[in-house]
Protein chains: 2
Amino acid sequence: MSTTPVNLALTVDRSSPVPLYFQVAQQLEHAIETGRLEPGSRLGNEIELAGRLGLSRPTVRQAIQSLVDKGLLVRRRGVGTQVVHSQVKRPLELSSLYDDLLAAGQRPTTSVLRSATGPASAAVAAALGIAEGAEVVTVERLRSAHGEPIARLLNHLPVGLVRLETADLEATGLYRLMRAAGIILHSARQTVGARAATAAEGALLSESEGAPLLTMERVSFDDHGRAVEYGTHIYRATRYSFEFSLLVRP
Amino acid sequence: MSTTPVNLALTVDRSSPVPLYFQVAQQLEHAIETGRLEPGSRLGNEIELAGRLGLSRPTVRQAIQSLVDKGLLVRRRGVGTQVVHSQVKRPLELSSLYDDLLAAGQRPTTSVLRSATGPASAAVAAALGIAEGAEVVTVERLRSAHGEPIARLLNHLPVGLVRLETADLEATGLYRLMRAAGIILHSARQTVGARAATAAEGALLSESEGAPLLTMERVSFDDHGRAVEYGTHIYRATRYSFEFSLLVRP
DNA sequence: GAGTGGTCTAGACCACACC
DNA sequence: GTGTGGTCTAGACCACTCA
């Protein structure tokens with residue numbers, strides 16, 4: 001009992017369809033976010049917690065483990081479980097520029113520059129793992145916030161996965177449309193770099209030729225392991241940067 | 001039995017100090033990496049697997065779950081567990097430029113441009129969460145590969161965490177030195193952007209003034225939640241880009 | 001030595017996908 | 001209906017940390 005023993009009012013509702021471990025994890029996470037559980041404070045040990053909640057120890061462990069995976073708690077054998085001192089923001093997600101801008105309080109707008117179906121180039125086919133010349137949908141969009149251009153988004157998708165109507169593309173983000181079409185995203189491979197703008201790119205993005213651009217290339221895979229999207233995007237370096245947290249693999 | 005039932009020779013050694021679930025996970029991972037378990041192939045169901053190994057179902061589940069977390073397997077209720085089709089490389093790690101270059105077969109070299117102890121500026125103090133004017137170690141390094149400059153690395157660390165000898169800094173990476181000093185890294189917050197090189201930066205990195213640079217700013221935290229390092233780095237865009245995988249949170 | 005998390009067991013019932 | 005993973009229980013022993 002070297003540090004404060006925290007007294008939390010935890011409860012579980014066994015009639016709820018929400019899994020018990022998840023109920024516990026939610027309440028702990030909420031207590032951490034609101035500061036009720038202070039950074040560095042110790043959770044009671046697992047057996048005592050389980051007894052207090054009327055749950056088995058493995059169930060309580062599952063709840064705690066999920067928060068450890070999120071980076072909110074730290075466990076040390078022989079010591080106990082503590083709330084991490086630093087606020088860990090969300091670890092890296094498959095970032096959607098549209099959602100990022102929304103979250104930042106900007107009002108993202110999109111204009112579709114091009115939307116066409118045609119044979120895949122060698123580079124696109126290689127990225128998507130399909131045959132060269134196979135049909136792909138190509139979409140080029142200009143994403144703005146407050147009327148200022150932010151990025152040019154160029155995407156290629158295998159045909160038949162999702163219907164991309166211009167109206168939908170201008171109303172929301174591509175990932176939302178894909179999810180709405182039943183595509184379950186699983187993983188992605190990204191490359192982030194920088195280069196100078198060409199004259200055409202500069203004109204499109206209200207930058208001068210040679211201005212630094214942030215580039216991002218990404219292939220996304222669904223839960224079957226199929227490549228479902230290949231994007232090559234450019235961002236105005238003066239208006240955008242990638243910000244993310246990450247956890248160190250234990 | 002819609003797809004091939006895979007027959008794997010799995011064994012566990014109960015006299016080993018390696019946890020049973022970990023032994024199983026290792027063998028499955030190895031079978032996947034060597035192609036013995038083909039992408040898309042199904043694992044037998046958990047109960048059958050447990051019976052075959054003489055383990056309980058939760059233990060087998062723990063092994064499978066660890067591979068699901070790594071992105072190697074996909075589970076679907078009512079369907080089964082399958083090997084993902086696409087090879088998922090390692091999800092994002094706390095990337096060390098030194099290790100990245102090593103892994104790429106380059107021979108990274110480092111020259112220490114500056115190494116000093118002094119009071120923290122306001123920006124550095126804010127990033128590290130310490131008082132302005134508190135003592136910090138500042139290290140500026142030039143990282144090269146094959147004699148070509150790649151990046152200028154500027155780091156600030158609270159004093160007393162790790163002794164940074166110039167010889168060590170020129171022989172290996174900062175993160176390795178920190179780990180060797182007993183610092184357990186837990187998480188980091190990164191921002192990646194781009195900007196044009198100043199004249200001095202261009203001269204240092206063999207680029208011209210105005211050339212696009214990739215920038216990375218990072219604060220790292222240890223398992224106690226203390227900020228242990230703050231870095232502001234610039235990379236030649238023509239010679240370096242960030243490449244990483246990521247898993248979509250389920 | 002006392003207290004903690006780490007691992008493991010041998011069951012059980014439920015929810016969902018597919019035929 | 002059948003088979004799968006999802007959740008849960010009530011114990012057990014071990015390994016590590018710290019006083």
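The sequence lines fix the lettering, A, B, ..., with proteins before strands; numbering per chain opens at 1. Quick note: numbers below take in every heavy atom, side chains included, and nothing from hydrogens, waters or symmetry partners.
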Can you tell me how far [atom2] of [N] sits from [atom1] of [X], to the nearest Å?
X        : N       : atom1 : atom2 : value
Gln62(A) : dG5(D)  : CD    : P     : 16 Å
Ile64(B) : dG5(D)  : CD1   : P     : 7 Å
Leu53(B) : dA10(C) : CG    : P     : 13 Å
Leu55(A) : dA12(C) : CG    : P     : 21 Å
Glu48(B) : dT4(D)  : CD    : P     : 9 Å
Leu43(B) : dG3(D)  : CG    : C1'   : 16 Å
Arg42(B) : dC18(C) : CZ    : P     : 11 Å
Arg57(A) : dA12(D) : CZ    : P     : 13 Å

Of all the choices, [options], which nucleotide is nearest to the side chain of [X] once you look at every atom?
X        : options                   : value
Pro58(B) : dT7(C), dC8(D), dG6(D)    : dC8(D)
Thr81(B) : dG5(D), dG6(C), dC8(C)    : dG5(D)
Arg14(B) : dC8(D), dT9(C), dG5(C)    : dT9(C)
Thr59(B) : dT7(D), dG5(D), dT9(C)    : dT9(C)
Arg75(B) : dT7(C), dG6(D), dA10(C)   : dG6(D)
Val79(A) : dC13(C), dC18(D), dA10(D) : dC18(D)

Practice task
Determine, for Arg176(B) against Asp168(B), whether the closest basic-nitrogen to carboxylate-oxygen distance falls under 4.0 angstrom.
Solution key: no
Does the side chain of [X] pick up a donor-acceptor pair with the side chain of [Y] at under 3.5 Å?
X         : Y         : result
Ser220(B) : Tyr175(B) : yes
Arg143(A) : Thr110(A) : yes
Arg75(B)  : Thr81(B)  : no

Think [X] has a side-chain N or O under 4.0 angstrom from the OP1 or OP2 of [N]?
X        : N       : answer
Arg76(B) : dA17(C) : no
Tyr21(A) : dT7(D)  : yes
Asn45(A) : dT4(C)  : yes

Exercise for the section: Using only heavy-atom distances, decide whether a donor-acceptor pair under 3.5 angstrom links the side-chain of Arg77(B) to the base of dG3(D). Expected result: no
Exercise for the section: Check if the side chain of Arg61(A) and the base of dT7(C) share a donor-acceptor pair of N or O atoms closer than 3.5 Å. Expected result: no
Practice task
Scan Ile47(A) against the nucleic acid and name what it touches under 4.0 Å (heavy atoms): base, sugar-phosphate only, or nothing.
Solution key: nothing
Fill in the blank from the handout: The residue, Phe22(A) or Glu46(B), whose nearest nucleotide of DNA chain D is more 5′ is Glu46(B)
Completion exercise
Closest heavy-atom pair, Val74(B) versus Asp223(A), reported as atoms and distance to 0.1 Å, is CG2-O, 3.5 Å
Exercise for the section: Check Glu229(B) against Leu174(B) and note the closest heavy-atom contact, atom names and distance. Expected result: CG-CD2, 4.2 Å
